[in-house]
Amino acid sequence: VFGKTMEEHLRFAVAYWHTFNANGSDPFGAGTAVRSWDSLSPLDKAKARVEANFELLEKLNVPFYAFHDADIAPEGATLAETNKNLDIIVAMLKDYQKSTGKKLLWNTVNLFTNPRYVHGASTTSNAEVFAYAAATLKKGLEVGKELGAENYVFWGGREGYESLLNTDLKLELDNLGRFLHMAVDYAQEIGFDAQFLIEPKPKEPSKHQYDFDSATAIAFLQSYGLKDKFKLNIEANHATLAGHTFEHELRTARINGMLGSIDANQGDMLLGWDTDEFPTDLVATTLAMFEILKNEGGIGRGGVNFDAKVRRSSFEDEDLFFSHIAGMDTYARGLKAAAKLIEERVLDDIVDNRYRSFKEGIGAEIVSGRATLKSLEAYVLQAQPIRNESGRLEQIKATLNDVIFSV
Ligand code: GCO
Ligand code: MN
Ligand code: MN
């Protein structure tokens, strides 16, 4: 496609937290997965998962993986103990990366599970918690550098509020800005040159998350002088949770030069939360790949990370394998269909034609910035009555289906 291989466009990644350290538990029930390492000590369990992770990557022929610190190594009683556990596992991951050629798409730190983060991490009401989160972030950046992570993700799971009645909104947002600036400074200090990504999500687990959606995150980064240091990691199910389509979130990021990477999944519209299903919707995926192909540099250093879980009712290792295959297949088809849409200018011609009045006459005046309210009034006073055209949406959707289901 356009002189690039499918691998260069798609850069698939497996999400560590959904594979071998997920076990099919949900808020109402315990895990349904049975693993050979269930009875081992936490550290030995972590080691067994590293092995299983690389076996899965190999079998799927997926080049990348992604993780949180807490996914790969057990948390200790102190920061020093946690970091020691991390060092052991990171050394192991490094060896595996070397022998298999697999790479780290991104890493991050979990600043939401431990009870200390009940009121947030960088947006907590407690300065000691802020400090703990910062120390954890410091280690996360060092781990990323050690493993050559191509990106580093900030997903603010608890960076939000439950109620404004007891929240200093200004202080919390300022602290989030301070936290991200510290990350930028430290990465520079240690020479960690990963692309930083913010992953927006409107809510869950917090009631209202500060990185609500693409537009909110971009405005935040701009106000805090961070826009050129970050891009966005857009997740399909987070888009729908915010009342947007995946395509809307990708487009908003793209036109602002902020499209960095994708967390691939899909939601169940009947359930109003983040169900993290594997992506199988070909229309949504085609439109997503359309945005990627239109993006300057395509997916770039980003990737298509399957932030998706197999259902609780089918938690066999085999299901992990087949659901990733289904997701990859959908994305590969979406890529082909999107390339065809672009090659045949299916949507581009429709859009160009729809806005043709801005190409000449009064439209060109507006676009060039020469028009004023006075000049436009003068135009209206001598012009013909306005004629509007239909958007022809039904026709367009039918054409889209033709293209998508014929590749
Ligand atoms: C979620 C998020 C996470 C993040 C990941 C990165 O809704 O739980 O999508 O899966 O992608 O935690 O921090
Ligand atoms: Mn995600
Ligand atoms: Mn999610």
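Values below: every heavy atom of this structure, side chains too, minus hydrogens, waters and symmetry copies. All ligand and atom numbering here is 1-based and tracks the order in the structure. The first residue of the sequence shown is numbered 1, and numbering continues consecutively from there. Predicted model only: the values in this text are computed from it and were never measured.
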Inset, instruction - Just let me know how F154 lines up against ligand 1, side chain, backbone, both or neither, with a heavy-atom cut-off below 4.0 Å. - result: neither
Legend entry - Check: E172/Y210 side-chain N/O donor and acceptor closer than 3.5 Å: yes
Inset, instruction - Compute whether any side-chain donor of one residue and acceptor of the other, for N265 and D276, lie under 3.5 angstrom apart. - result: yes
Legend entry - Residue that, paired with F12, satisfies ring pair (Phe, Tyr, Trp, His ring centres under 6.0 Å) out of Y65, F306, F64: F306
Legend entry - N, O or S of D276 under 2.8 Å from the Mn ion (ligand 3): no
Legend entry - ligand 1 contact by F67, heavy-atom criterion under 4.0 angstrom: no
Legend entry - D307: its N/O/S atom lying closest to the Mn ion (ligand 2) (atom name): OD2
Legend entry - Pair E235 + K201, salt bridge at N-O below 4.0 Å: no
Inset, instruction - To the nearest 10 degrees, could you say what angle the Mn ion (ligand 3) makes with NE2 of H238 and OD2 of D274? - result: 90°
Legend entry - Test of proximity, D274 against ligand 1: N or O pairs below 3.5 Å: yes
Inset, instruction - Name the closest protein heavy atom to atom 9 (O) of ligand 1, giving the residue it belongs to and the distance to 0.1 Å. - result: E235 OE1, 2.6 Å
Legend entry - Any N/O pair H238/ligand 1 closer than 3.5 Å: yes
Inset, instruction - Please work out whether any backbone atom (N, CA, C, O) or any side-chain heavy atom from C-beta onward of E199 is under 4.0 Å from ligand 1, and answer side chain, backbone, both or neither. - result: side chain
Legend entry - salt_bridge(K59, E55) N-O dist < 4.0 Å: yes
Inset, instruction - Distance to 0.1 Å, residue and atom name: give those for the protein heavy atom nearest to atom 8 (O) of ligand 1. - result: W155 CH2, 3.5 Å
Inset, instruction - For atom 10 (O) of ligand 1, find the nearest protein heavy atom and state the residue, atom name and distance (0.1 Å precision). - result: D307 OD2, 2.7 Å
Legend entry - Atoms in ligand 1 flagged as close to D263, the criterion being non-hydrogen separation under 4.0 Å: 11 (O)
Legend entry - Considering only N, O or S atoms of E235, the one closest to the Mn ion (ligand 2): OE1
Legend entry - Pair R251-E291, salt bridge (Lys or Arg N to Asp or Glu O under 4.0 Å): steps then yes or no: CA-CA 6 Å; R251 178 81 58 95; E291 295 303 322; 2.7 Å; yes
Legend entry - Side-chain heavy atoms of V153 within contact of L197, under 4.5 Å: yes
Legend entry - Closest protein heavy atom (residue, atom, distance) for atom 13 (O) of ligand 1: H68 NE2, 3.0 Å
Legend entry - Location of contacts on N237 toward ligand 1, heavy atoms closer than 4.0 Å: neither
Legend entry - Under 3.5 Å: N/O of H18 near N/O of ligand 1: no
Inset, instruction - Indicate whether the side chain of K340 and that of S406 have a donor and an acceptor atom separated by less than 3.5 Å. - result: yes
Inset, instruction - Determine which of the N, O or S atoms in D263 is closest to the Mn ion (ligand 2) and give its atom name. - result: OD2
Legend entry - Atom name of the N, O or S atom in E199 that lies nearest to the Mn ion (ligand 2): OE2
